[in-house]
Amino acid sequence: MLEKNFHPKEVENRLYQMWEKAGAFRPSDDASKDPYCIVIPPPNVTGRLHMGHALNNALQDCLIRFERMRGKAALWQPGTDHAGIATQMIVERKLMDEEGVRRLDIGREAFLDRVWQWKAESGGMIVDQLRRLGATCDWSRERFTMDEGLSRAVREVFVRLYRDGLIYRDKRLVNWHPDLKTALSDLEVENIEVEGHMWHFGYPIADQNGAPTDQRIVVATTRPETMLGDTAVAVHPDDERYKHLIGSQVRLPLADRLIPIVGDPYADPEQGSGAVKITPAHDFNDFEVGRRHDLPQLSILDEAGRINDAAPEAYHGLDRFEARDRVVADMRAGGFLEKIDPHTHTIPFDEKSKSVVIEPLLTDQWYLNAEKLAQPAIEAVEAGRTQFVPRNWERTYFEWMRNIQPWCISRQLWWGHQIPAWYGPDDHIFVAETEAEALSEAARHYGADTPLIRDPDVLDTWFSSGLWPFSTLGWPDETAELNRFYKTDVLVTAFDIIFFWVARMMMMGLYVMKDVPFHTVYIHALVRDEHGQKMSKTKGNVIDPLELIDEYGADALRFTLLAMAAQGRDIKLAKSRVEGYRNFGTKLWNAARFCEMNECIAQPEFEPGQCQQPINRWMIGEVQTTALNVTEAVEGYRFNDAAGALYRFVWNVFCDWYLELIKPLLNGDEGEAKRETRAAAAYVLDETLKLLHPFMPFLTEEVWQRFGETGHPRSGMLINTSWPKAQTALIDVEARAEMEWVIGLISEIRSVRSEVNIPAAARIPVLLQGADETTRERLERHMDRLKTLARLESIKLTDAPPTGSIQAILEETTVHIPLKDVIDIPTETERLSKEIAKVTTDIDRIDAKLGNEKFVNNAPEHVVETQRERREEAILTRTKLNDALKRLQDAAA
RNA sequence: GGGCGCGUAGCUCAGCUGGUUAGAGCGCCGUCUUGACAUGGCGGAGGUCACAGGUUCAAGUCCUGUCGCGCCCACCA
């Protein structure tokens, strides 16, 4: 016997282990089954499950369970990402906290050992947390981006790209992280608006001998320290104010260097003074200007962001912000500071901490020619070989892909895939998959064995992530899984990594596999807090999914997320919502409990089409409709529709009506109708469990199992059961009409009872007017139900005009309960008058509509028909209301 | 500057290709501990669908504009 409530804690772990032990997560080997594959967005090994993961994985698990039940060989390929920077930082901090050593103190080898050690100890946390959510990943295939196999894939792709000329080494400005001392890609930089200043400097123009004159040219900057690296001043070639100065020179203060004034359209005459200082080594725009004019690139910062030897001695070793103050002070002292304006501008910060200011720095790095790789990736989406859901994200994708910049793929870190490049004594580059290969190439190149030095840098984490859809399936080997599951089916992710990841997978997949990595990209919402803020540790507004699981169970959390996963909108998560869906679980649990108590046991030979009772025929039809709706919704990635359909079906149809309506029967004598109803109820419950399983796997499986203990033994676990195929032939329109009539009648009687304040416990007789033959038959069939659910004592029929009415009930109840006692007559009179006025305006409006020829001629038949019916109904209601009003007034008098 | 999206009940949000009387959860009011469920039942209040125009027989839904809000990209000497 089921307990009164479902206790997730006692069930979840047990069922999960049972599934896993039974191998339920492994795709079927049956070659006749269609393959279905999702690769998980690999969480960082350093990660803890946050709400975004919970949503992301609830969606994937829902799809995987759905497709598995639909008979596909479903593979959910799991794994984790080594997360270069994040992981390195965590281990560095740990080293410092526990042993007081820096990574440089112990050296690269030892440090990497520590990272691996750390990974072994605590890297599995996020994976366990995914299990708690109920994620049915095939854990036997779990991969890690730094595994030997995946690392081999990385090396091979790198070498291929290099040999195809798509990876190259270049010296240009990169986004430099002065704390971590590494380059970052454009995407890892976040521009944040801050209040700052604009300093205006007057640079003295030099005479023919290079000596400063009194004439000044004013430039402005938000980064005064960079003036130490200025190598020109630019003015617009057509700017009348400065045209004549092009070709002359400026005596740069402090640095005391002569720099040219050049004409370049980059200088905007409208902005500031119209003249702009050019610092090619510290500004992306200036870099371009410098290239055009062949200006020297004078880098004045070292890798830690301190002023280097290229600047005057007074500034050596100063941090960039100290240097800023110093430069401003010195400029002021020298009389070169014209003015300071307050100024809001955006400053590049590192995207992770949002606290370190990124410096453009001139360094040698490895680049990937993304423009070339983007071409086929753009075409694939244009041609629809990969589709975004919702569609509008394609615009975002195109926008970025069409303006894609070279991708800086090297990082000056230790944790990651070391770049397979070696340098000869003359810095000649040898790129090869192994050192041996590189050495033999070098021997060929130099004509003798030559020692090589390996490039110490590692690759951007996202490089290996880009290979994920095929590297996890075994590439570069031609594995059975690769053949079977690539391309994969759908990628599920949030929009914030479309650029980081989706775009890169598209490029890499097409380059390496010559096919898109997935046919669909489902972009889901971001989970925010109740105020719509992005959840973040610093804001302290994080809701921990694990806490919610502890409190309400994994099913409740999953259902909440799925029910709210409307397309394209952010999810503002409120706890009350989770609670509501937990209650939904309880409701279903108790419905099952009710079935169990009433011996509704699934009969293996039960034929849903053979039912005789209209109520059962109706209910079976409702299940079919729901199966149809849920299937279509999940197929279309409309998870909220699917969840909503299930919620309404279970609660508002199955529990509220069906179970209530069959109570008189179940409590009555044994007989064919009772037997049929028990079997039908059990059938409906089973179908419901199946439909709900991808959404609430634990509760449904538990009920499924428990019923197998007391009823007919189950042939298998719910997780492996076939998805209900909607049989539209089982939808009996007549039975539905009849039951809707019964439900409507009960609702009306209840509503009227309440309106006239009949105590809930009171049993009343009811007079129904205008009963025709069909109505009489129906009443006969459902008499018990009507009496029970509407608390009627008796039902009398008259031949007078139409159906159950306020008037009739008022009339009859007066027999038992004096009207005056239960009704406040003045209030009631007022209410009725208002009601009458309202109905009258309704009638007028409908009359106007029906009087409109265009409407009658053009609107679909059923719309016009509906309007006519409504008109008649309204007129009838008005008559009744008027009668009731008159009666009240009589009673008052 | 370019792009995307949002504005519907007190709160959080659904509402697909225009078509009955605009829905849900939570909250609120009333009522009921009746043998599945108080994590519940039953009944109810609450909305000029941001605003202004337009298309249409018909607009929350389509178009234009206005106001307010959010996000992404780029730029800002």
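Letters A, B, ... are given to chains in the order of the sequence lines, protein chains preceding strands, and every chain is numbered from 1.
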Any side-chain donor-acceptor pair under 3.5 Å between A/Glu188 and A/Ser185? yes

Among the nucleotides B/G40, B/G19, B/C37, which one has an atom lying closest to any side-chain atom of A/Asn583? B/G40

What is the base-pairing partner of B/C51, counting Watson-Crick and G-U wobble geometry with both distances under 3.5 Å? B/G65

Partner nucleotide, any strand, of B/G10 [Watson-Crick/G-U, under 3.5 Å]: B/C26

Measure NZ/A/Lys854 against C1'/B/G19 and give the value in whole Å, please. 18 Å

If you measure from the C1' atom in B/U55 to the same atom in B/G47, how many Å do you get, rounded? 26 Å

I'd like to know if A/Glu660 reaches the base of B/A36 with its side chain such that a donor and an acceptor end up less than 3.5 angstrom apart. yes

With a non-hydrogen cut-off below 4.0 angstrom, is A/Arg395 in contact with a base, only sugar-phosphate, or nothing? sugar-phosphate

Base, sugar-phosphate alone, or nothing: which one does A/Tyr647 contact when heavy atoms must sit under 4.0 Å apart? sugar-phosphate

A/Glu193 has an atom CD; how far is it from atom P of B/C72, in whole Å? 13 Å

Parallel, tilted or perpendicular: which one describes the rings of A/Tyr637 and A/Tyr522, with boundaries at 30° and 60°? parallel

Across every strand shown, the nucleotide meeting Watson-Crick or G-U wobble geometry with B/C71 (both distances under 3.5 Å) is B/G3

Quick one: sort the A/Phe388 and A/Tyr397 rings into parallel, tilted or perpendicular, breaks at 30° and 60°. tilted

B/U33 pairs with, by Watson-Crick or G-U criteria that keep both distances under 3.5 Å: none

Span that lies between the C1' atom of B/G35 and that of B/U17, in whole angstrom: 49 Å

Rounded to the nearest Å, what distance is computed from the CG atom of residue A/Asn175 to the P atom of nucleotide B/C73? 13 Å

Do the side chain of A/Thr866 and the base of B/U20 come within less than 3.5 angstrom through a donor-acceptor pair of N or O atoms? no

As an exercise, state the distance from CD1 of A/Ile498 to CD1 of A/Ile523, rounded to the nearest 0.5 Å. 4.0 Å

Have a look at A/Cys595 and say if it touches a base, only the backbone sugar-phosphate, or nothing, with a 4.0 Å heavy-atom cut-off. nothing

On a whole-Å scale, what distance lies between the P atoms belonging to B/U8 and B/C69? 15 Å

Between the base of B/C37 and the side chain of A/Lys587, is there any donor-acceptor pair under 3.5 Å? yes

Counting the atoms with a prime plus P, OP1 and OP2 as sugar-phosphate, which does A/Arg582 contact under 4.0 Å by heavy atoms, base, sugar-phosphate, or nothing? base

For A/Asp656, answer base if it contacts any base atom (sugar-phosphate contacts may also be present), sugar-phosphate if it contacts only those atoms, and nothing otherwise; contact means non-hydrogen atoms under 4.0 Å. sugar-phosphate

Between B/A50 and B/A45, how far apart are the P atoms? Round to whole Å, please. 23 Å

Base, sugar-phosphate alone, or nothing: which one does A/Thr396 contact when heavy atoms must sit under 4.0 Å apart? nothing

Please determine, for B/G46, whether a Watson-Crick or G-U wobble partner exists with both distances under 3.5 Å, and give it or none. none

Parallel, tilted or perpendicular, judged at 30° and 60°: which one describes the rings of A/Trp400 and A/Phe499? parallel

Spacing of A/Ser747 atom OG and A/Trp657 atom CH2 [to the nearest 0.5 Å]: 4.0 Å

May I ask which nucleotide in the shown strands pairs with B/A38, Watson-Crick or G-U wobble, both distances under 3.5 Å? none

B/U56 -> Watson-Crick or G-U wobble partner, both distances under 3.5 Å, gives none

Taking only the side-chain heavy atoms of A/Met597 (C-beta and beyond), determine which of B/G19, B/A36, B/G25 contains the nearest atom. B/A36

Describe, in one word, how the ring planes of A/His345 and A/His343 are oriented to each other, choosing from parallel (under 30°), tilted (30 to 60°) and perpendicular (over 60°). tilted

Select base, sugar-phosphate, or nothing to describe what A/Lys849 touches, counting heavy atoms under 4.0 Å on all strands. nothing

If you pin A/Phe6 and A/Ser747 to their nearest nucleotides in RNA chain B, which one's is more 5'? A/Phe6

Pick base, sugar-phosphate or nothing for A/Trp651, based on heavy-atom distances below 4.0 Å to the nucleic acid. sugar-phosphate

Using a heavy-atom cut-off of 4.0 Å across all strands, would you classify A/Thr222 as base, sugar-phosphate, or nothing? sugar-phosphate

When all nucleic acid strands are considered with a 4.0 Å heavy-atom cut-off, which category describes A/Asp641: base, sugar-phosphate, or nothing? nothing

